[in-house]
Amino acid sequence: MAAERGLTVGEKRARLPIVQGQMAVRVSLEPLAGAVAAQGGVGLIAASGVLTSKGGGEELTARIREGRKLAGDGVLGLGVMFAVSEFDQILDVAIRERVDVVVIGAGFARGPFNRLAEAGIPGWAIISSEKLASLVCRIPSVAGVVVESGQAGGHLGPKDPEISTWDLFPPVYRTLRDGGFRGPILAAGGLRYGWEVSRLLEMGADGVQLGTLFAMTDECSASPSMKEVWRRSRGSKVTHVSPVGMPSRAVVEQSLSDLPLLPPSARGCLNCLKVCSHRDDRAQTHCIYRSLANAVQGRLKIGTDGSVRNGLVFTGGRIGEIDDIVPVQKRLQNLVEEMREDPRALVPAVS
Ligand SMILES: Cc1cc2nc3c(=O)[nH]c(=O)nc-3n(C[C@H](O)[C@H](O)[C@H](O)COP(=O)(O)O)c2cc1C
């Protein structure tokens, strides 16, 4: 029986084995990440999309410093997608500001993990396959792994974009441990209740990463209209419209026919991605930055049939079962109580 389950992150330890996943563009900023960290979880500021603005380096730095104040001695990290153009600059800021952890998704290369390890900052990889798990075992600088299933929100890595955490986590976990990987291994995607967290800890996970449950909190930076879309949503669906070239999970009400394009001026393009089928061929798909920003900034249009237009509302697979917007403290308290309902898992209290 586990006496107390926290989560080791480099030289720090979070009281709860719960990570708030990065959510771009500007969905998980310092108010959310700082609150999660202060309440005993691991909070991640999503850096992707912050640096695209002029002076973005200073903005990201300021957000990390403010997050640090909110987090107290909690664990505060940065999340970034390898696919974004400003990836290297974001890593520069993370290292300069000495964040507690950097979680890297949407692509993989060993270089960034080596850089972070040299700087003494743990770098965690988001992976979705046994193949990548085998590779990670051969790269000592990868300090932790998030195994993300097809039920996660946003862009999806698994070959089968519908695969559940229950089907994906066990073989990927086994591959990592059998291959000698010793760092923390987390499960992510479509987790709703604390007893599911307990079950994953029993299955070997060192913790979980949650997205949608934290998106639907007061501290999340998404617009009230985006939160209302989440609150009312009946479910999710996999879409194949992202110019990144990966499938992604959005609310089932999402309309895909009217997503924003770039204005005719080439200057409208922020060059935010290393590879973008919309930038490279305007006839293809839509501008993902504008689509996400329109949702986060409240420029969504809701059709009389409930359809969600003019922006992209990413979500995890359990959205239909979450209908409240609550403070982070309440969200974590609920999870911890649900974890305690399983007598085999003992977790510390949220203060
Ligand atoms: C609105 C939204 C935006 C997201 N953006 C990102 C992102 O930019 N990068 C990333 O690696 N994961 C992203 N995710 C995935 C989350 O970090 C998390 O791993 C995932 O949502 C977990 O599944 P859950 O939402 O069912 O808990 C996003 C998820 C949501 C809901």
Side-chain angles (χ1 to χ4, degrees), residues 18-29 32-33 36 41-50 52 77-84 87 90 102-108 124-128 145-158 161-166 168-169 186-194 196-197 200 207-217 220-223 226-227 229-230 233 235-236 239 242 244 246-251 254 272-273 288-289 291-296 300 308 311-322 331 335:
I18 296 174
V19 175
Q20 162 256 306
Q22 58 179 306
M23 292 179 275
V25 173
R26 297 171 186 268
V27 174
S28 67
L29 294 176
L32 176 58
V36 172
V42 176
L44 299 181
I45 295 174
S48 310
V50 173
T52 41
L78 212 60
V80 56
M81 303 207 297
F82 186 65
V84 299
F87 179 83
I90 290 171
V102 176
V103 182
I104 302 173
F108 183 86
W124 290 4
I126 302 176
I127 67 168
S128 300
V145 169
V146 179
V147 181
E148 197 179 66
S149 78
Q151 297 304 312
H155 290 104
L156 302 172
E162 297 286 3
I163 194 167
S164 74
T165 294
W166 310 105
L168 184 74
F169 182 76
L186 287 85
L191 303 175
R192 168 67 183 91
Y193 296 107
E196 296 164 357
V197 178
L200 282 157
V208 296
Q209 174 171 289
L210 308 173
T212 310
L213 278 169
F214 286 119
M216 294 174 67
T217 58
C220 165
S221 294
S223 59
M226 188 177 189
K227 290 184 187 176
V229 167
W230 279 324
S233 177
S236 72
T239 74
S242 173
V244 177
M246 295 168 83
S248 58
R249 187 169 290 283
V251 292
Q254 182 71 54
C272 60
L273 292 167
I288 186 96
Y289 183 86
S291 292
L292 295 174
N294 278 2
V296 173
L300 288 169
V308 174
L312 194 50
V313 179
F314 280 163
T315 182
R318 300 290 285 281
I319 186 70
E321 297 170 57
I322 315 168
R331 187 64 85 210
L335 282 162

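Order of appearance sets the numbers: ligands from 1, and atoms from 1 within every ligand.
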- request: For T212 and G316, work out which heavy atoms get closest and say how close.
  value: OG1-N, 2.8 Å

task: Please report the shortest heavy-atom distance between S149 and S164, naming the atom on each side.
output: CB-C, 3.6 Å

[Y] side chain reached by [X] side chain, heavy atoms, under 4.5 Å:
{"X": "L335", "Y": "L213", "result": "yes"}
{"X": "L186", "Y": "V19", "result": "yes"}
{"X": "I319", "Y": "W230", "result": "yes"}

statement: Judged by heavy atoms only, the candidate from G211, G154, G153 nearest atom 15 (C) of ligand 1 is G153

Would you mind running through ligand 1 and noting each atom that sits below 4.0 Å from a heavy atom of [X]?
{"X": "I126", "value": "11 (O)"}
{"X": "M81", "value": "7 (C), 8 (O), 9 (N)"}
{"X": "A152", "value": "20 (C), 22 (C), 23 (O)"}
{"X": "Q151", "value": "26 (O)"}
{"X": "G316", "value": "25 (O), 26 (O)"}

Is the shortest distance from a heavy atom of [X] to ligand 1 less than 4.0 Å?
{"X": "L210", "result": "yes"}
{"X": "G189", "result": "yes"}
{"X": "L213", "result": "no"}
{"X": "R318", "result": "no"}
{"X": "G190", "result": "yes"}

field: Part of H155 within contact of ligand 1 (heavy atoms, under 4.0 Å)
entry: neither

T165 (side chain) donor-acceptor with G189 (main chain) under 3.5 angstrom: yes

task: Applying side-chain hydrogen bond (donor to acceptor under 3.5 Å, both in side chains), name anything that partners T217, two or more places apart in sequence or on another chain.
output: none

message: Once side-chain hydrogen bond (donor to acceptor under 3.5 Å, both in side chains) is applied, do any residues pair with R318, and if so which ones, sequence neighbours excluded?
response: E196, E321

Judging by distance only, is a nitrogen or oxygen of [X] under 3.5 angstrom from one on ligand 1?
{"X": "Q209", "value": "yes"}
{"X": "A24", "value": "yes"}
{"X": "T212", "value": "yes"}

Option passing side-chain contact (heavy atoms from CB on, under 4.5 Å) with Q209 (candidates V147, L191, L44): L44

query: Going from CG on L200 to CZ on F169, what distance comes out if it is rounded to the nearest 0.5 angstrom?
result: 6.5 Å

message: Just to confirm my output: which protein heavy-atom neighbour is closest to atom 10 (C) of ligand 1, and how far is it?
response: Q22 CG, 3.5 Å

